[in-house]
Amino acid sequence: MEEKVIVCRELTKRFGDFYAVNKISFDVNKGEIFGFLGANGAGKTTAMRILCGLSHPTSGEATVAGFNVYKQTEAIKKNIGYMSQKFSLYENLTILENIEFFGGVYGVPAAEIKERSDNLVRKLGLTAEAKKLVGALPLGWKQKLAFSVAIFHQPRIVFLDEPTGGVDPVTRRQFWDMIYEAAASGITIFVTTHYMDEAEYCNRITIMVDGKVEALDSPANLKARFDADNMDEVFYRLARGAKRSGD
Amino acid sequence: MSAVVLDHITKTYDDGKVVAVDDVSLQVAEGELFGLIGPDGAGKTSLFRILTTLLLPDKGSATVRGYDCVKDFKAIRSRIGYMPGKFSLYQDLTVKENLDFFATLFGSSIEENYDLIRDIYEQIKPFNDRRAGKLSGGMKQKLALCCALIHKPEVLFLDEPTTGVDVVSRKEFWAMLKSLKQQGITIVVSTPYMDEAMRCERIALIQGGKIMSVDTPDNIIAQFPVTLYAIKADDIYRLLTALRNEPAIDSSYAFGEYIHITLRNGSDIDTLRQQMEEKGHAHVAAKAIRPGIEDSFIRLMNQA
């Protein structure tokens, strides 16, 4: 049986009489690339915040890396990585300083940080820039570096919130190479995107509409079920009936 | 007369260390729906800010409806509508108050040009008394468009109106632009989404401050110089890795469920498919396809 890294059962988050997340259930397997799609306001961000241990659900059950989302949020945070479109490294620290800082926060031993950060910088082709401030890097490089930092402590799962927004088409694909490589090394990928071609790169996809999971399957099965040529069409069919709109 | 002219415009920041716009020239015709297509940092916003008289170029000249962007800034400001990439209405004024404010600022009223905004405004009218800061992303975008239109501009500048917006709202937004165009307004719109390029009459592909190509989307696609193939197999990532080490391959990029490839001279697709099957890739399928704008963009980027 495949190892489950995220287990989610009827997870619900209510604000007053508004159900931001309404009884969602799904499992994510180890090493899987799991796409989490939905229209603006569908409840993606709220669900992701619960799974990252940043928000308590109203009801339902969920475990992330085996830890309970009600009681073990600190353990969850130690076992996950997180990266969003909004760049979150320190612009006025160098590349090496950022790696050292975040590695330290996540408890990677100093000797290991030293050794692995040199390898990482070499692999990214940033040896010449290693001692330069991160703020001076082009956007595409920043996003690749931010991803590398998010998985530097070798988390069980990494949450990526629209990681490729606004990035040029070549860098966007290099970024997905890094995602594939991380998944192959056993890190589970939980990713949101507005690019429907990227939805195709996922092993499985959920599409959220108005707080509920309306579809959960592989891209090929979803296309077959909706008799659609591409994911854009699948998404459009599901999401156009949405009652809610938001950020 | 062209509605918008950029003539050898250059803009640098940080004492010339950062070149945001590098010797850009282009023209937008009257009544055209023109797209600036490129990623973040390509120079799109700098161009918009020069054309809307908010930023001075280092070199070159620009005109909007024949008025110079430096000397005639007042004449331009009353004739254009501008929707910046960042939401910039008053967050603590209501929907109605924002609209009234912008109409008054331009010596007009909501009633005077109601026809122009009717279809868009009626979608947000039920929230007339809600503060702009409390609106959802999609509603903010509609209100911002109404405010940019309320004085009946001759030219509309929209900087990344659909960024971060989902597929459904993006389709609605482009339908709105089409109907505005039918009312004779010239529209210059930027987007990082390559698929939206097809909705413009002409586009400029822009990267690193330079224009790589300006033409109709169909012509840009027709200029793709070689045959493009789409290939797939059961394990797409394994196939992509294998193709990269294949001497017959000139370029290979993942595109949804397929990989788009071009071949070197003297190679053919059937031989390649056989080779991949012999190497253990299951269900290899390949076909010649028509390139998209994103294929053209990548090819031009790699030539630069």
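No hydrogens, no waters, no symmetry mates; every other heavy atom, side chains included, goes into these values.
- Considering only heavy atoms from C-beta on, Val284(B) comes within 4.5 Å of Ile231(B) through its side chain.
- Of the two parts of Arg240(A), the backbone and the side chain both hold a non-hydrogen atom closer than 4.5 Å to a non-hydrogen atom of chain B.
- Neither the backbone nor the side chain of Asn203(A) comes within less than 4.5 Å of any heavy atom in chain B.
- For an aromatic pair to be called close, the ring centres must be under 6.0 Å apart, and Tyr82(A) with Phe159(A) fails this.
- Asp217(A) places a side-chain heavy atom less than 4.5 Å from the side chain of Arg225(A).
- Neither the backbone nor the side chain of Asn230(A) comes within contact range of chain B; no heavy atoms are under 4.5 Å apart.
- Looking at Met196(A), the atoms closer than 4.5 Å to chain B (heavy atoms on both sides) all sit in the side chain, from C-beta outward.
- Ranked by heavy-atom pairs under 4.5 Å with chain B, the list Pro169(A), Gly38(A), Gly165(A), Gly140(A) is led by Pro169(A).
- Geometrically, Arg290(B) does not engage Phe224(B) in a cation-pi contact, judged by NZ or CZ lying under 6.0 Å from the ring centre and within 45° of the ring axis.
- For Arg238(B), no part sits under 4.5 Å from any heavy atom of chain A, backbone or side chain.
- Enclosure of atom CG in Asp227(A) is not indicated, since only 12 or fewer non-hydrogen atoms of other residues, nucleotides or ligands lie within 6.0 angstrom.
- Your options are Glu172(B), Arg170(B), Lys171(B), Met194(B), and the one with the most heavy-atom pairs under 4.5 Å with chain A is Lys171(B).
- In this structure, the portion of Phe297(B) lying under 4.5 Å from any heavy atom of chain A is its side chain and not its backbone.
- The neighbour count for Lys223(A) NZ, taken as heavy atoms of other residues, nucleotides or ligands under 6.0 Å away, is above 12.
- With a 4.5 Å cut-off on non-hydrogen atoms, Pro219(A) does not touch chain B at all.
- Under the 30°/60° scheme for interplanar angles, the aromatic rings of Phe26(A) and Phe36(A) are found to be tilted.
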